[in-house]
Amino acid sequence: MNVTPLRPKISDCLDGFEHINRFWDRQHNRFVAKILPGEFYVTRGDEMIATTLGSCVSACIWDVRRGIGGMNHFMLPLTEKQSHEVSWGNEISDATRYGNYAMEHLINEILSHGGRRKNLRVKIFGGGKVIKQLSDIGKKNIEFVLEYIEIENLTLLSADTGETFPRKLVFDPIDGTAKVKKLRTIHNNTIVNREEEYQKDIIQQPVEGDIELF
């Protein structure tokens with residue numbers, strides 16, 4: 001008699017990440033947390049983190065010794081720190097859609113759950129110019145995150161950024177493995193619509209900081 005093995009129960013996520021969509025992935029035989037633009041996720045459990053990137057950038061950061069790590073997904077490089085508050089319950093946070101907040105909160109969350117700054121390693125992805133007629137937000141996102149990593153003296157292991165196509169990204173925060181699928185053809189309007197919204201956001205809310213967008 002063949003018995004189908006029971007699917008493992010999903011482990012409890014860390015406090016503050018209950019709103020993140022998590023699902024069972026048959027391909028990897030693990031749970032996956034899927035983050036949207038403006039979100040980030042940190043875990044100590046046996047799960048992976050996934051997202052889809054256009055001009056946005058994701059930083060995958062993990063502690064190589066302590067088995068904790070996470071990923072962010074930011075839309076724009078910088079905003080004035082005093083002008084926004086993190087809104088954890090929103091699908092797209094008002095603060096962590098910006099690179100300076102997204103990087104700061106991701107690192108602080110890892111450190112607050114036992115990570116050590118000296119053990120942190122970084123991989124970055126995204127920043128593609130997926131719509132030719134729109135401004136190159138992706139390039140500015142890449143420039144920002146590289147400068148941030150240098151200023152904060154973090155160790156960057158690899159980068160897959162730029163070019164002209166979106167990416168699907170899956171990250172294992174336990175061992176730092178990242179898998180990328182480059183989407184040569186866009187089969188729906190989701191990414192295009194997002195890119196157009198980012199352009200509107202720049203017009204309505206000019207980004208402030210040390211790096212100018214244009």
Side-chain angles (χ1 to χ4, degrees), residues 35-42 49-64 69-81 84 93 95-111 115-132 134-173 175-183 191 194-195 198-199 201-202 205-214:
I35 62 172
L36 299 172
E39 294 182 335
F40 74 100
Y41 189 78
V42 174
I49 311 171
T51 198
T52 302
L53 300 161
S55 63
C56 295
V57 164
S58 280
C60 300
I61 305 178
W62 74 104
D63 185 310
V64 293
M71 179 203 293
N72 59 26
H73 181 149
F74 64 85
M75 303 154 58
L76 299 166
L78 292 159
T79 187
E80 195 68 33
K81 289 192 175 185
H84 290 81
S93 167
T96 52
R97 60 182 177 172
Y98 294 98
N100 53 335
Y101 264 94
M103 294 299 290
E104 178 182 336
H105 282 278
L106 175 57
I107 292 171
N108 287 345
E109 196 72 20
I110 293 172
L111 298 181
R116 300 283 297 276
R117 177 174 280 270
K118 66 179 182 180
N119 298 334
L120 297 184
R121 301 295 183 268
V122 185
K123 295 180 179 181
I124 59 172
F125 303 89
K129 192 177 190 303
V130 298
I131 303 178
K132 293 181 180 180
L134 296 182
S135 300
D136 197 351
I137 306 173
K139 180 180 178 182
K140 297 302 179 181
N141 283 333
I142 296 166
E143 291 173 349
F144 160 77
V145 74
L146 290 174
E147 182 177 350
Y148 184 97
I149 290 168
E150 181 179 1
I151 291 173
E152 295 296 322
N153 197 29
L154 299 171
T155 301
L156 177 65
L157 295 187
S158 64
D160 181 17
T161 59
E163 301 183 83
T164 59
F165 39 75
R167 295 165 168 85
K168 283 189 175 181
L169 170 63
V170 180
F171 173 59
D172 186 336
D175 64 9
T177 300
K179 298 180 180 179
V180 180
K181 181 178 181 180
K182 297 176 180 179
L183 306 177
I191 294 175
R194 283 180 181 173
E195 295 298 320
Y198 304 161
Q199 297 289 328
D201 195 40
I202 290 175
Q205 297 184 21
V207 174
E208 300 175 358
D210 295 331
I211 300 175
E212 292 182 357
L213 273 178
F214 304 108

Stepwise side chain to side chain contact (heavy atoms under 4.5 Å, CB included) check, V57 with L53: CA-CA 7 Å; V57 164; L53 300 161; 5.9 Å; no

[atom1] of [X] to [atom2] of [Y]: how many Å apart, nearest 0.5 Å?
X    : Y    : atom1 : atom2 : result
L169 : C56  : CG    : SG    : 12.0 Å
T96  : E104 : OG1   : CD    : 11.0 Å
Y148 : I107 : OH    : CD1   : 4.0 Å
E109 : I61  : CD    : CD1   : 12.5 Å
I142 : E147 : CD1   : CD    : 14.0 Å

Side chain to side chain contact (heavy atoms under 4.5 Å, CB included) between L183 and V130, worked out: CA-CA 10 Å; L183 306 177; V130 298; over 6 Å; no

Partner set under ring-ring contact (aromatic ring centres under 6.0 Å, His included) for F74, not counting sequence neighbours: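 So F74 forms a ring-ring contact (aromatic ring centres under 6.0 Å, His included) with F144.
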
Just jot down the side-chain contact (heavy atoms from CB on, under 4.5 Å) partners of [X], sequence neighbours excluded, or say none.
X    : result
I35  : I20, E39, Y41, I49, T51, M71, H73
L156 : V122, I124, L146, I149
N119 : D63, V64, R65, R66, R116
S158 : K123

Measuring only between side-chain heavy atoms, which start at C-beta, is [X] closer than 4.5 Å to [Y]?
X    : Y    : answer
L76  : R97  : no
Y98  : M75  : no
L120 : T155 : no

Worked check of side chain to side chain contact (heavy atoms under 4.5 Å, CB included) between F125 and F171: CA-CA 11 Å; F125 303 89; F171 173 59; 6.0 Å; no

Heavy-atom closest contact (I110 atom, G70 atom, distance):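 Distance-wise, the nearest heavy atoms are CD1-N, 3.9 Å.
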
Counterpart residues, side-chain hydrogen bond (donor to acceptor under 3.5 Å, both in side chains), relative to T177 (two or more places apart):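 With sequence neighbours excluded, T177 shows a side-chain hydrogen bond (donor to acceptor under 3.5 Å, both in side chains) to D175, given in chain and number order.
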
Those residues that, when tested against N153, pass side-chain hydrogen bond (donor to acceptor under 3.5 Å, both in side chains) (two or more places apart):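 Not a single residue meets the side-chain hydrogen bond (donor to acceptor under 3.5 Å, both in side chains) criterion with N153.
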
More than 12 heavy atoms of other groups within 6.0 Å of K139 NZ: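 Atom NZ in K139 is not packed in, count stays at 12 or less.
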
Whether N141 side chain and S55 backbone form a donor-acceptor pair below 3.5 Å: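 Side chain of N141 to backbone of S55: a pair is present.
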
R117 and L154: CA distance, side-chain angles, deciding distance, side chain to side chain contact (heavy atoms under 4.5 Å, CB included) verdict: CA-CA 8 Å; R117 177 174 280 270; L154 299 171; 3.7 Å; yes

Pairing residues for D160 by the salt bridge (charged side-chain N to carboxylate O under 4.0 Å, His left out) criterion, not counting sequence neighbours: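 D160: salt bridge (charged side-chain N to carboxylate O under 4.0 Å, His left out) contacts with R167, K182.
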
